[in-house]
Amino acid sequence: MSDIFHEVDEDVRRDKAADFWRRYQTPIFVVAFLIVAATGAWSYYQDKRQKTAEAANARFEAAVALANEGKNAEAAAAFDAIAKDGPKGYAALARIRAAEARPDKTQALAELNAIGEDPTVDKLMQEVALLRAALLVMEGGDREKLERALGPLMTSNGAFRFSAQEWNGLDALANDDFDEAERVFEQVLADRDAPQSMRQRASAYKGLLHAKRGPKKAAASGAGGADGGVIPVTPVIESEKGDAPAGSAPIEAK
C-alpha cells in the first residue's frame with residue numbers, strides 16, 4: 001500500500017510540474033532573454049565607454065603636448081574639439097586648458113570665470129577653473145582683484161581653500177602687506193585640517209616675512225607718544241642717610 005501511495009504522489013507532482021511549465025514557460029523564457037540581453041548591453045556599454053575614455057585621453061595628451069611645445073593656438077583648437085564631443089570629465093578639463101592657452105589673457109580670464117559659474121560643470125571643476133583664474137589675476141599684480149577672486153574659494157568647505165589661503169598670503173607678502181600675510185600664515189598653521197606640507201611652507205613663509213620686514217617696532221607709550229618717545233626722568237640720588245637732596249636737575253632718556 002505504501003508503494004501505491006508513493007506512486008500516486010509522484011504522479012501528482014509530475015502533473016503539477018507539467019502544468020506549471022505549460023502556464024509559465026513563456027514568461028520564464030522572456031525573463032531569461034531579458035537577463036542575457038541586459039548583461040550583453042551592459043558589457044557593450046562598459047566596453048564602449050572605456051574605449052571612448054581611452055580615445056579622449058589620447059587626444060587630451062596630444063593637446064597637452066602641443067601646449068608644452070608653445071603651440072598655443074593649435075593646443076587651444078585641440079582642447080576646444082575635446083570640449084565639444086569628449087566625455088564630460090575630459091570636456092570640462094579641456095575647456096579650462098583651452099582658456100589658459102588663449103593669447104588674450106582677458107579672454108582667458110572671462111572663459112575661466114564662465115566655467116566657474118556654469119551649473120552644468122561639476123563643482124570640483126568649477127573650483128579648479130576659479131583657482132586658475134585667480135592665478136591669472138595674481139600674475140597681473142592687482143592685489144584687490146586677487147582678494148575678490150580668491151574669496152569664494154576660501155570658504156570652510158572649499159576643496160582648494162588652503163591653496164587659496166597660501167596664494168593670498170604670498171601675494172600679500174610680495175606687496176609688503178606684512179600684517180595680512182602674517183595673519184594668513186598664522187591661520188594656516190593653526191588649522192589642523194591643513195596638509196602638513198602646507199603648514200611647513202607657512203612656517204617657512206613666516207621666516208621670510210620676518211626677514212623682509214625686520215623686527216616689529218614697539219608701540220609708543222602714552223607719555224612719550226607726542227615727543228617721539230622722549231620721556232623726562234628726574235634721577236633721585238640718595239645719601240647714606242637715605243634722604244634725597246632737593247633741586248636735582250631732570251635729564252632726558254630715550
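The basis for the numbers below is simple: all heavy atoms, side chains too, and nothing from hydrogens, waters or symmetry mates.
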**Q** Report yes or no: does Asp118 contribute a side-chain atom to a donor-acceptor pair with the main-chain N or O of Thr120 at less than 3.5 Å?
**A**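 Such a contact is found between Asp118 side chain and Thr120 backbone.
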**Q** Closer than 3.5 angstrom, by distance alone: can the side chain of Glu127 be matched with the main-chain N or O of Ala159 as a donor-acceptor pair?
**A**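 Indeed, once roles are kept as given, a pair shorter than 3.5 Å links the two residues.
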**Q** Donor-acceptor pair, Asn113 side chain versus Leu109 backbone, under 3.5 Å?
**A**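 Side chain of Asn113 to backbone of Leu109, a donor-acceptor pair under 3.5 Å: yes, one is there.
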**Q** Looking at Glu166 and Arg201, is any side-chain nitrogen of the basic one under 4.0 Å from a carboxylate oxygen of the acidic one?
**A**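 Salt bridge flag = yes for Glu166 with Arg201.
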**Q** Roughly how far apart are Phe60 CZ and Leu93 CG, rounded to 0.5 Å?
**A**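 Rounded to the nearest 0.5 Å, the CZ-CG separation comes to 5.0 Å.
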**Q** Are Ile115 and Leu135 connected into the same hydrophobic cluster when the rule is that any two of I, L, V, M, F, W, Y join if their side-chain heavy atoms are below 4.5 Å apart?
**A**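 Yes.
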**Q** Which heavy-atom pair separates Thr52 from Pro87 by the least distance, and what is that distance?
**A**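 Taking Thr52 first and Pro87 second, the nearest heavy atoms are CG2-CG, 4.0 Å.
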**Q** Can you name the closest pair of heavy atoms from Ala63 and Ala75 and give their distance?
**A**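 Heavy-atom minimum between the residues: O-CB, 3.7 Å.
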**Q** Please find the pair of heavy atoms, one from Leu173 and one from Tyr205, that lie closest to each other, and give the distance.
**A**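 Between these two residues, the closest heavy atoms are CD2-O, 4.3 Å.
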**Q** Rounded to the nearest 0.5 Å, what's the gap from CD on Glu117 to CG on Leu112? Could you check?
**A**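 Rounded to the nearest 0.5 Å, the CD-CG separation comes to 11.5 Å.
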**Q** So, for Ala129 and Gly116, which heavy atoms are closest and what is the spacing to 0.1 Å?
**A**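 Closest approach of Ala129 to Gly116: CB-N, 4.0 Å.
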**Q** Can you list the steps and then say if Arg59 with Asp85 is a salt bridge (charged side-chain N to carboxylate O under 4.0 Å, His left out)?
**A** CA-CA 11 Å; Arg59 294 169 62 193; Asp85 57 14; 3.2 Å; yes
**Q** What's the shortest heavy-atom distance between Ala194 and Arg199, and which atoms?
**A**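 So the minimum-distance heavy-atom pair works out to O-CD, 3.5 Å.
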**Q** Can you tell if the side chain of Met198 reaches within under 4.5 Å of the side chain of Gln165, non-hydrogen atoms only?
**A**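 Side chain of Met198 against side chain of Gln165, heavy atoms only: no contact under 4.5 Å found.
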**Q** Does any non-hydrogen side-chain atom of Ile96 lie less than 4.5 Å from one of Phe79?
**A**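 A side-chain contact is absent here, since even the closest heavy-atom pair is not under 4.5 Å.
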**Q** Do NZ/NE/NH1/NH2 and the carboxylate oxygens of Asp176 and Lys212 come within less than 4.0 Å?
**A**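 Result for this pair is yes, salt bridge flagged.
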**Q** Are Phe162 and Val128 linked, directly or through other ILVMFWY residues, by side chains that come within less than 4.5 angstrom of each other?
**A**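 Unlinked, Phe162 and Val128 end up in two clusters.
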**Q** Is there side-chain contact between Asn72 and Pro103, with at least one heavy-atom pair below 4.5 Å?
**A**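 Asn72 vs Pro103: side chains apart.
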**Q** Could you report the tightest heavy-atom contact between Pro152 and Arg148, atom names first, then the distance?
**A**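 For Pro152 and Arg148, the tightest heavy-atom pair comes out as CD-O, 3.3 Å.
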**Q** Drop me the distance from Asn168's CG to Glu180's CD, to the nearest 0.5 angstrom.
**A**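 Here the interatomic distance stands at 5.5 Å.
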**Q** Can you get from Met138 to Leu208 by hopping between Ile, Leu, Val, Met, Phe, Trp and Tyr side chains that sit under 4.5 Å apart?
**A**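 Per the 4.5 Å side-chain linkage, Met138 and Leu208 are not co-clustered.
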**Q** Quick check: is Leu130 connected to Phe160 through a chain of hydrophobic side chains (ILVMFWY, heavy atoms under 4.5 Å apart)?
**A**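 Looking at the clustering, Leu130 is in the same group as Phe160.
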**Q** Using a strict threshold of under 4.0 Å (side-chain N to carboxylate O), is an ion pair present between Arg213 and Glu182?
**A**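 Salt bridge between Glu182 and Arg213, a charged N being under 4.0 Å from a carboxylate O: yes.
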**Q** Between Gln107 and Glu111, do the side chains contain an N or O donor and an N or O acceptor separated by less than 3.5 Å?
**A**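 There is such a pair between these side chains.
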**Q** For Lys206 and Glu186, what are the C-alpha separation, side-chain angles and deciding distance, and is it a salt bridge (charged side-chain N to carboxylate O under 4.0 Å, His left out)?
**A** CA-CA 8 Å; Lys206 282 190 63 179; Glu186 288 287 357; 2.3 Å; yes
**Q** Inspect the contact between Arg183 and Asp179 and indicate whether a charged nitrogen and a carboxylate oxygen are less than 4.0 angstrom apart.
**A**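 Judged by the 4.0 Å cut-off on N to carboxylate O distance, Asp179 and Arg183 do not form a salt bridge.
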**Q** For the atom pair CH2 (Trp167) and CG (Leu146), what is the distance rounded to the nearest 0.5 Å?
**A**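 Interatomic distance, Trp167 CH2 to Leu146 CG, rounded to 0.5 Å: 9.0 Å.
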